*Asks:* 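Sharing a structure with you now.
Below, each value reflects all heavy atoms present in this structure, side chains not excepted, and no hydrogens, waters or symmetry copies. For clarity, every value in this text was computed on a predicted model and none was experimentally measured.
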Amino acid sequence: MNASPTALPLPARGGWAQSPWFKTLRRLFARKVVLLSAVVLLLIAATALLYPLLTDSDPNDMNISMRLHAPSWAHWAGNDELGRDVMARIIYGARYSLMIGLFTALGAVVLGTLLGMLAGYFRRLDAPLMRLVDAMMAFPDILLGIALVSILGASLWNVILALTIVYTPRVARVVRASTLVLRELLFVDAAKALGVRTPLILWRHILPNLLSPVLVQVTFIFAYAILAEAGLSFLGVGVPPDIPTWGTMIAGSLEYADKAFWTILTPGVAIVLTALSLQLLGDGVRDLLDPKLKNKS
């Protein structure tokens, strides 16, 4: 009698829909406003990256005959004081504005996490490091940014460095507070009892448990940096005018605001839309990673 063929295992019902990643994304985007914010950010980032495919206009191509022309089908956002296509400059300038926000957020998170962990774990370093952080936070962000850019010089990377220094204390205080709690937990005491070295404890036991507050800070600082760069450029101490960030576009067209409001309105809307989307996405990430809300769901 012939043996019956072995039945092949059927795929699990639900498949990828039952994966932890899908469940996490579903919880994150359960609120429609968070999903809409993520879509807006993806569209802005994709538009900036795919600029050569979206328009043939050169963002620096001047046409004096089109000076301060109102929006039309040929130029959706109109033309600026030099006849340049405003929409092309906004799409191209998104690269610089997003780059400033991203690198500022990453730099502030790395430095702030390092300072916060050192201050929270080592008692002797807590007081001097936190006094330094308090002294930096005593100054308004924009004033400290102006002072640092004035010292370093006006350039793209100097603005990123200045804003990184400005926002590092925010991350340091959040990380320090979390580290103060983590260092007293049993798994840290167990690691010490087993003879695990301090750097390894910080890397393997403390740092992974700091990812939740740090991820939230990344989204917030990203938005803050975009707004701060626009403010610095508006005051004339930010990125050089030849780099078409959204802030420099507003600063360069301020003189013609009464004649051609679209030269300021369009980059202003881009700044507000991006910053608001980042803030809302950050709120969604914070709600997702909040243990209290997680237990209720």
*Asks:* Compare all side-chain heavy atoms of I100 with those of I226 and state whether any distance is below 4.5 angstrom.
*Replies:* no
*Asks:* Work out which heavy atom in G101 is nearest to a heavy atom in A225; give both atom names and the distance.
*Replies:* CA-CB, 3.8 Å
*Asks:* Measuring from atom CG of L235 to atom CG of L143, what distance do you get when rounded to the nearest 0.5 angstrom?
*Replies:* 9.5 Å
*Asks:* Can any side-chain N or O of T219 pair as donor or acceptor with the backbone N or O of V216 at less than 3.5 Å?
*Replies:* yes
*Asks:* Heavy atoms only: give me the nearest S277-S37 pair and the separation to one decimal.
*Replies:* O-CB, 3.5 Å
*Asks:* Please give me the minimum heavy-atom distance between A260 and L68, naming the atom from each residue.
*Replies:* CB-CD2, 3.7 Å
*Asks:* Hey, are R170 and D141 close enough for a salt bridge, meaning a charged N less than 4.0 Å from a carboxylate O?
*Replies:* yes
*Asks:* Hydrophobic clustering (ILVMFWY, side-chain heavy atoms < 4.5 Å, transitive) - are W203 and L211 grouped together?
*Replies:* no
*Asks:* In terms of hydrophobic clusters joined by side-chain contacts under 4.5 Å, are V174 and L106 together?
*Replies:* no
*Asks:* Is it the case that R183 places NZ or CZ above or below the six-membered ring of F122, under 6.0 angstrom from the centre and within 45 degrees of the axis?
*Replies:* no
*Asks:* About how many Å separate CG of L115 and CZ of R176, when rounded to the nearest 0.5 Å?
*Replies:* 12.5 Å
*Asks:* For L98 and T274, run side chain to side chain contact (heavy atoms under 4.5 Å, CB included): C-alpha distance rounded to whole Å, both residues' side-chain angles, the deciding distance at 0.1 Å, then the answer.
*Replies:* CA-CA 9 Å; L98 294 178; T274 304; 4.1 Å; yes
*Asks:* For the backbone of L152 and the side chain of N158, can you confirm whether one donor and one acceptor N or O come within less than 3.5 Å of each other?
*Replies:* yes
*Asks:* Check salt bridge (Lys or Arg N to Asp or Glu O under 4.0 Å) between R124 and all other residues, then give those that pass, not counting sequence neighbours.
*Replies:* none
*Asks:* Please examine the side chains of S155 and V159, heavy atoms only from C-beta on, and report whether any two atoms are closer than 4.5 Å.
*Replies:* no
*Asks:* What residues form a ring-ring contact (aromatic ring centres under 6.0 Å, His included) with W157, not counting sequence neighbours?
*Replies:* F103
*Asks:* Take M117 and I206 through the test side chain to side chain contact (heavy atoms under 4.5 Å, CB included) and record every step on the way to the result.
*Replies:* CA-CA 8 Å; M117 288 176 62; I206 301 295; 4.2 Å; yes
*Asks:* Quick test of your reading: applying ring-ring contact (aromatic ring centres under 6.0 Å, His included), list the pairs with at least one residue in residues 228-270, sequence neighbours left out, ordered by first then second residue.
*Replies:* none
*Asks:* Are M136 and I165 packed together at the side-chain level, in the sense that at least one heavy-atom pair is separated by less than 4.5 angstrom?
*Replies:* yes
*Asks:* Would you list the pairs meeting salt bridge (Lys or Arg N to Asp or Glu O under 4.0 Å) in which at least one residue belongs to residues 99-117, sequence neighbours left out?
*Replies:* none
*Asks:* Above 12 or not: heavy atoms from other molecules or residues under 6.0 Å from CE of M99?
*Replies:* yes
*Asks:* Please name the pair of heavy atoms, one in A108 and one in T164, separated by the smallest distance, quoted to 0.1 Å.
*Replies:* N-CG2, 3.5 Å
*Asks:* Would you call R67 and D80 a salt bridge, taking side-chain N to carboxylate O under 4.0 Å as the test?
*Replies:* no
*Asks:* Going through the distances and angles, do L35 and R31 end up as a side chain to side chain contact (heavy atoms under 4.5 Å, CB included)?
*Replies:* CA-CA 7 Å; L35 177 60; R31 294 168 52 193; over 6 Å; no
*Asks:* Hey, what do you get for CG (L185) to CG (D189), rounding to the nearest 0.5 Å?
*Replies:* 8.0 Å
*Asks:* Take L182 and L210 through the test side chain to side chain contact (heavy atoms under 4.5 Å, CB included) and record every step on the way to the result.
*Replies:* CA-CA 9 Å; L182 291 171; L210 296 173; 3.8 Å; yes
*Asks:* Using side-chain heavy atoms (C-beta onward) and a distance below 4.5 Å, is L281 in contact with L41?
*Replies:* yes
*Asks:* Identify whether the distance between the nearest side-chain nitrogen and carboxylate oxygen of R173 and D134 falls below 4.0 Å.
*Replies:* yes
*Asks:* Please identify each residue that fulfils ring-ring contact (aromatic ring centres under 6.0 Å, His included) with Y96, with sequence neighbours left out.
*Replies:* Y92
*Asks:* Tell me whether V214 is reachable from Y224 by hopping between hydrophobic residues (I, L, V, M, F, W, Y) whose side-chain heavy atoms are closer than 4.5 Å.
*Replies:* yes
*Asks:* Check whether more than 12 heavy atoms from other residues, nucleotides or ligands sit under 6.0 Å from atom CG of L186, and answer yes or no.
*Replies:* no
*Asks:* Under 4.5 Å between any side-chain heavy atoms of M249 and T263, yes or no?
*Replies:* no
*Asks:* Checking E184 against R123 for the salt bridge (charged side-chain N to carboxylate O under 4.0 Å, His left out) test, could you report, in this order, the C-alpha distance in whole Å, the side-chain angles of both residues, the deciding distance, and whether it holds?
*Replies:* CA-CA 12 Å; E184 304 297 335; R123 299 180 186 274; 3.2 Å; yes
*Asks:* Please report the closest heavy-atom contact between M87 and D85, naming both atoms and the distance.
*Replies:* N-OD1, 3.0 Å
*Asks:* Side chains of T245 and T248: is there a donor and an acceptor less than 3.5 Å apart?
*Replies:* yes
*Asks:* For the atom pair CG (L278) and CG (L273), what is the distance rounded to the nearest 0.5 Å?
*Replies:* 10.0 Å
*Asks:* Evaluate the side-chain proximity of F220 to V285: yes if any heavy-atom separation is below 4.5 Å, no if none is.
*Replies:* no
*Asks:* First locate atom CD1 of I90, then atom OG1 of T266, and finally report the distance between them rounded to the nearest 0.5 Å.
*Replies:* 4.5 Å
*Asks:* So which heavy atom on G238 is nearest to which on A154, and how close?
*Replies:* O-CB, 3.3 Å
*Asks:* First locate atom OG of S97, then atom CD1 of I243, and finally report the distance between them rounded to the nearest 0.5 Å.
*Replies:* 10.5 Å
*Asks:* Do L36 and L280 sit in the same hydrophobic cluster, where Ile, Leu, Val, Met, Phe, Trp and Tyr count as joined when their side-chain heavy atoms come under 4.5 Å apart?
*Replies:* yes
*Asks:* Tell me, do L144 and L148 make a side-chain contact under 4.5 Å, heavy atoms counted?
*Replies:* yes
*Asks:* Among residues two or more places apart or on two chains, list those pairs meeting salt bridge (Lys or Arg N to Asp or Glu O under 4.0 Å) that have a residue in residues 95-118.
*Replies:* none
*Asks:* Quick one: does L163's side chain get under 4.5 Å of L232's, heavy atoms only?
*Replies:* yes
*Asks:* Same cluster or not: L111 versus L215, using hydrophobic residues (I, L, V, M, F, W, Y) connected whenever any side-chain heavy atoms lie under 4.5 Å apart?
*Replies:* no
